[in-house]
Amino acid sequence: MIDEADRVTLFCGSGTAGAHHEVMQLAERVKSPVGHALRGKEWIQYDNPYDVGMSGLLGYGAAYEATHECDLLILLGTDFPYNAFLPDDVRIAQVDIRPENLGRRSRLDLAVWGDVRETLRCLTPRVRLKSDRRFLDKMLRKHAEALEGVIKAYTRKVDKHVPIHPEYVASVLDELAADDAVFTVDTGMCNVWAARYLTPNGRRRIIGSFSHGSMANALPQAIGAQFAGRGRQVVSMSGDGGFTMLMGDFLTLRQYDLPVKIVLFNNSSLGMVELEMLVAGLPSYGTGNLNPDFAAMARAAGVYGVRVEKPKQLAGALRDAFAHDGPALVDVVTDPNALSIPPKISAEMVTGFALSASKIVLDGGVGRMVQMARSNLRNVPRP
């Protein structure tokens, strides 16, 4: 199937863990763009000259186009649940070690039950070397153009915007966190900012409730991660909704002196629920939170706490929290109007947004990923 196809795209999930080298070898041999799901980001995005971003509701870049404009899509170790973002008019092959995942999300032309790394080790030497890069280069250009577009929206006076853009918080956090940090990410808008801003490097971990979408997961996951690695930096990217749901677990940090750093994205709302209501054409209802000063609460519990309301305070507050020997909470007051726009918007979604015009929907930036896209473009011949 690969030899017969002119345009091949690889789409990777968490099943590519430990198979980065093998995926890159196949992509080089068949000149394939490589997209990923959220759970595949930490395993496949770094050191990837074929990267075209992420598909799905939290997606960015050219992954959607690459999966729809190919004539063979190969799904590698992914049980990608958003079948509305998968094509129905191209040939699809899927490799997964769990047979129950094969064909569960899309029609398949070929199902391969096997480990991704071992399968690619056997497969890659057998496929014919392709020399035509036109499809790959086209997707790399589209990817860079897409990222450049959202960067312009994000960078406009973002370091002076009050309330603080959550994109700015995630971007600064990515810059200041350790190279081997473990990030735990709350379900909701924190997933969006983590997907678009946290830079994987093969050493960092990004953990969330990516299969079930359970709220309030970040703090208990951070507790477990910190117990497992006492000397490793663990950062909980918590939303105010998730944090308040399991706020009792905050005392566990104090009880066991776990040096987890909580970066609280405090927009006083259930942002993802509001977005879903907007898309459905419904006015937001019951999504607002009347929050206390979480930093004051942290200090009352004997934990380092600081509240950030202006962008110029952010970097210093994060540095101080990371340097603190013990648990710390940085309560960042963020813009509740900063919501995510999916990479592809249907007519029904547009109608929904129009009916809910009382909200401002901002298109988020993409942090350092634009640098990666620009770097990859160096390999694309000039037309």
Side-chain angles (χ1 to χ4, degrees), residues 38 57-58 154 158-159 161-177 181-198 206-210 213-222 234-247 249-250 260-276 284 287-298 305-311 313-315 317-318 321-322 327-341 359-367:
L38 177 56
L57 291 173
L58 314 185
Y154 161 70
V158 70
D159 58 343
H161 186 91
V162 177
I164 302 170
H165 271 308
E167 303 100 312
Y168 181 67
V169 181
S171 179
V172 175
L173 173 61
D174 180 57
E175 293 281 353
L176 297 181
V182 177
F183 297 92
T184 61
V185 183
D186 257 344
T187 295
M189 296 308 297
C190 283
N191 268 199
V192 179
W193 315 135
R196 295 185 175 183
Y197 287 91
L198 296 184
I206 304 172
I207 301 171
S209 182
F210 300 140
S214 302
M215 275 191 67
N217 60 284
L219 180 54
Q221 285 179 330
V234 177
V235 180
S236 173
M237 292 177 63
S238 297
D240 56 296
F243 181 76
T244 53
M245 280 183 69
L246 287 182
M247 203 155 53
D249 270 350
F250 181 66
V260 170
K261 315 305 179 187
I262 299 173
V263 180
L264 186 57
F265 288 70
N266 182 2
N267 64 359
S268 297
S269 71
L270 302 176
M272 183 62 76
V273 178
E274 283 197 10
L275 177 61
E276 291 167 343
S284 59
T287 56
N289 297 329
L290 185 61
N291 288 332
D293 183 333
F294 291 111
M297 290 182 58
V306 60
R307 186 173 174 91
V308 177
E309 297 180 344
K310 296 180 180 179
Q313 303 169 334
L314 179 62
L318 289 175
F322 289 155
L329 183 144
V330 182
D331 179 11
V332 187
V333 180
T334 59
D335 189 348
N337 292 323
L339 302 178
S340 169
I341 295 179
K359 273 288 185 186
I360 302 170
V361 181
L362 303 176
D363 198 354
V366 286

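- To the nearest 0.5 Å, atom CG of residue Leu290 and atom CG of residue Asp240 are 11.0 Å apart.
- The CG atom of Leu314 sits 8.0 Å away from atom CG of Leu176, with the distance rounded to the nearest 0.5 Å.
- Taking both residues in full, the closest heavy atoms of Val235 and Phe322 are given as CG2-CE2, 3.9 Å, listed atom of the first, atom of the second, then distance.
- Leu173 approaches Met237 most closely through the heavy-atom pair CD2-CG, 3.8 Å.
- The CG atom of Asn266 sits 4.5 Å away from atom CG of Asn291, with the distance rounded to the nearest 0.5 Å.
- The CG atom of Asp186 sits 10.0 Å away from atom CD1 of Ile262, with the distance rounded to the nearest 0.5 Å.
- Scanning for side chain to side chain contact (heavy atoms under 4.5 Å, CB included) contacts around Ala216 gives Met245, Leu246, with sequence neighbours left out.
- Looking at heavy atoms from C-beta onward, Phe210 lies in side-chain contact with Asn191 at the 4.5 angstrom threshold.
- Among residues two or more places apart in sequence or in another chain, the salt bridge (Lys or Arg N to Asp or Glu O under 4.0 Å) test is passed with Asp331 by Arg307.
- Taking both residues in full, the closest heavy atoms of Pro220 and Asp249 are given as CB-OD2, 3.9 Å, listed atom of the first, atom of the second, then distance.
- The two residues Pro336 and Ser269 have their closest heavy-atom pair at CB-OG, 4.3 Å.
- For the pair Phe243 and Leu219, the tightest heavy-atom approach, listed with the atom from each and the gap, is CE1-CD2, 4.2 Å.
- Scanning both residues, Val260 and Ser236, for their nearest heavy atoms gives CG1-CB, 4.3 Å.
- Contact check for Val192 versus Met189: side-chain heavy atoms found under the 4.5 Å cut-off.
- When atom types are taken as modelled, the side chain of Asn217 and the backbone of Val185 share a donor-acceptor pair closer than 3.5 angstrom.
- Ser209 places a side-chain N or O within 3.5 Å of a backbone atom of Ser214 that can act as its donor or acceptor partner.
- In this structure, Val169 and Tyr197 have side chains that are not in contact, with every pair of non-hydrogen atoms separated by 4.5 Å or more.
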Residue pair Tyr168, Thr334: steps toward the side chain to side chain contact (heavy atoms under 4.5 Å, CB included) verdict | CA-CA 9 Å; Tyr168 181 67; Thr334 59; over 6 Å; no
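- To the nearest 0.5 Å, the span separating CH2 on Trp193 from NE2 on His165 amounts to 9.0 Å.
- With rounding to the nearest 0.5 Å, the separation of CG in Leu264 from CZ in Phe250 is 9.5 Å.
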